Amino acid sequence: MKFLHVGDAAIHYRTAGIAQGKPVIAFINSLGTDFRIWDAVMEALGDDYGYVLHDKRGHGLSGTGTPPYSIDDHADDLIILLDHLKVEKAIVWGLSVGGLIAQAVHDKRPGIVEALVLSNTAHKIGTPDMWNTRIDTILANGLGGMIDPIMERWFTPPFRTADNALYAGCRSMLARQPVDGYCGTCAAIRDADYTEAVGRIAVPTLCVVGDQDGSTPPDLVRSLADLIAGSAFVEIPGCGHIPCIEQPAAYSAAVRTFLTSLPEHRA
Ligand SMILES: O=C(O)CCC(=O)CC(=O)O
């Protein structure tokens, strides 16, 4: 188990194979998840890459610090972690709010970003009213009453069955996130608008989405791709908001195809 103090939070992180000269992937999680969601993707991609994973502040085993957060706060946590690990360049792969954080990492430190994988995300997600309602409801009543509607956005009906232990595990993962950390990141999403910033993205970028994503639907992710010159867009069939859990094989294959097409690819 590894932790790094960043400001007022101890950030929980894990690395694999980063000192071996391979391209390094830095994963950034979605709202309400911890970094175990990437296990199957790492298995599929295997030893061709090094990996950096971390739990956002307020999530998983990371400290909560002082919510509410901004996307910049989350981006700074990753940048400081990568500097600490002496990772000079990374393929920054962000899922949902993780994709907003990836956009912020590129905007703050473009030199650290080799390529972007912007998954199930957008330049702006939801409306302030929507996020304020969610924050108020969860601060008043906890996450319990929100689990079912969130699961309907995260996963397609065939995945959401009583006999699917992985689905049960994902429900537990969400239920166990600290309420103030979850709401702290909701505020960060509420306040984020990268519509202008994404026009400055100058690294190879893949925008990818599940075809049945209920949180950031395909049309929204396509509108992000339309703002990024030269970006690629891929839809994963039979998949909701969390492709690394629901369709890890197809998802990893799509990203590998993108990464191996890059002229500077080293794996
Ligand atoms: O998943 C995220 O990081 C934010 C998008 C969202 O609202 C997820 C959900 O539907 O709960």
Side-chain angles (χ1 to χ4, degrees), residues 27-38 53-60 62 67-71 73-75 77-78 92-105 117-139 141-157 159-160 167 170-179 181-194 207-221 223-224 236 239-247 251:
F27 291 115
I28 318 176
N29 276 62
S30 58
L31 180 66
T33 64
D34 65 51
F35 67 58
R36 288 171 287 193
I37 65 169
W38 300 104
L53 307 101
H54 75 292
D55 288 336
K56 280 187 304 299
R57 59 179 56 224
H59 286 71
S62 286
Y69 317 123
S70 65
I71 294 296
D73 292 334
H74 286 308
D77 288 344
L78 177 59
V92 180
W93 180 340
L95 174 64
S96 199
V97 65
L100 283 167
I101 298 165
Q103 293 164 49
V105 169
V117 179
L118 302 178
S119 177
N120 303 72
T121 189
H123 40 294
K124 182 165 175 48
I125 301 176
T127 62
D129 279 356
M130 182 204 112
W131 289 110
N132 285 332
T133 303
R134 194 186 299 199
I135 291 166
D136 292 346
T137 307
I138 293 174
L139 286 179
N141 306 318
L143 269 160
M146 302 293 277
I147 306 278
D148 283 333
I150 291 174
M151 289 296 133
E152 285 168 21
R153 299 191 292 267
W154 280 14
F155 299 117
T156 64
F159 188 88
R160 297 195 313 266
Y167 174 55
C170 289
R171 294 180 66 95
S172 299
M173 174 181 63
L174 175 61
R176 289 174 188 184
Q177 300 307 315
V179 160
Y182 182 96
C183 290
T185 297
C186 288
I189 304 171
R190 175 195 65 200
D191 298 340
D193 185 349
Y194 283 82
C207 298
V208 54
V209 64
D211 66 343
Q212 294 165 59
D213 185 336
S215 305
T216 51
D219 282 353
L220 179 65
V221 180
S223 73
L224 169 66
I236 308 295
C239 190
H241 187 56
I242 315 281
C244 47
I245 299 278
E246 190 166 9
Q247 295 291 352
Y251 182 53

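As a basis for the values below, the full set of heavy atoms in this structure was taken, side chains included, without hydrogen atoms, waters or symmetry mates. Quick caveat: nothing in here was measured; it's all calculated off a predicted structure. All ligand and atom numbering here is 1-based and tracks the order in the structure.
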Inset, instruction - With sequence neighbours left out, write down each residue that passes side chain to side chain donor-acceptor pair (under 3.5 Å) with Ser70, or none if nothing qualifies. - result: Asp73
Inset, instruction - Would you indicate whether the side-chain heavy atoms of Thr121 and Tyr194 approach each other to under 4.5 Å? - result: no
Legend entry - Test item: side-chain donor near acceptor, His59 and Asp34, under 3.5 Å: no
Between ligand 1 and the protein, which N/O pairs fall short of 3.5 Å?
{"unit_1": "ligand 1", "atom_1": "1 (O)", "unit_2": "Ser96", "atom_2": "OG", "d": "2.9"}
{"unit_1": "ligand 1", "atom_1": "1 (O)", "unit_2": "His241", "atom_2": "NE2", "d": "2.8"}
{"unit_1": "ligand 1", "atom_1": "3 (O)", "unit_2": "Leu31", "atom_2": "N", "d": "2.7"}
{"unit_1": "ligand 1", "atom_1": "3 (O)", "unit_2": "Ser96", "atom_2": "OG", "d": "2.9"}
{"unit_1": "ligand 1", "atom_1": "3 (O)", "unit_2": "Val97", "atom_2": "N", "d": "3.0"}
{"unit_1": "ligand 1", "atom_1": "7 (O)", "unit_2": "Arg134", "atom_2": "NH2", "d": "2.9"}
{"unit_1": "ligand 1", "atom_1": "10 (O)", "unit_2": "Arg153", "atom_2": "NE", "d": "2.5"}
{"unit_1": "ligand 1", "atom_1": "10 (O)", "unit_2": "Arg153", "atom_2": "NH2", "d": "3.3"}
{"unit_1": "ligand 1", "atom_1": "10 (O)", "unit_2": "Ser215", "atom_2": "OG", "d": "2.5"}
{"unit_1": "ligand 1", "atom_1": "11 (O)", "unit_2": "Arg134", "atom_2": "NH1", "d": "2.9"}
{"unit_1": "ligand 1", "atom_1": "11 (O)", "unit_2": "Arg153", "atom_2": "NH2", "d": "3.2"}

Inset, instruction - Would you mind reporting whether Ile125 and Ser96 have side-chain heavy atoms less than 4.5 Å apart? - result: yes
Inset, instruction - Taking Asp213 for its side chain and Cys239 for its backbone only, find out whether a donor-acceptor pair lies under 3.5 Å. - result: no
Inset, instruction - Take the angle between the ring planes of Phe27 and Trp38 and call it parallel below 30°, perpendicular above 60°, tilted in between. - result: parallel
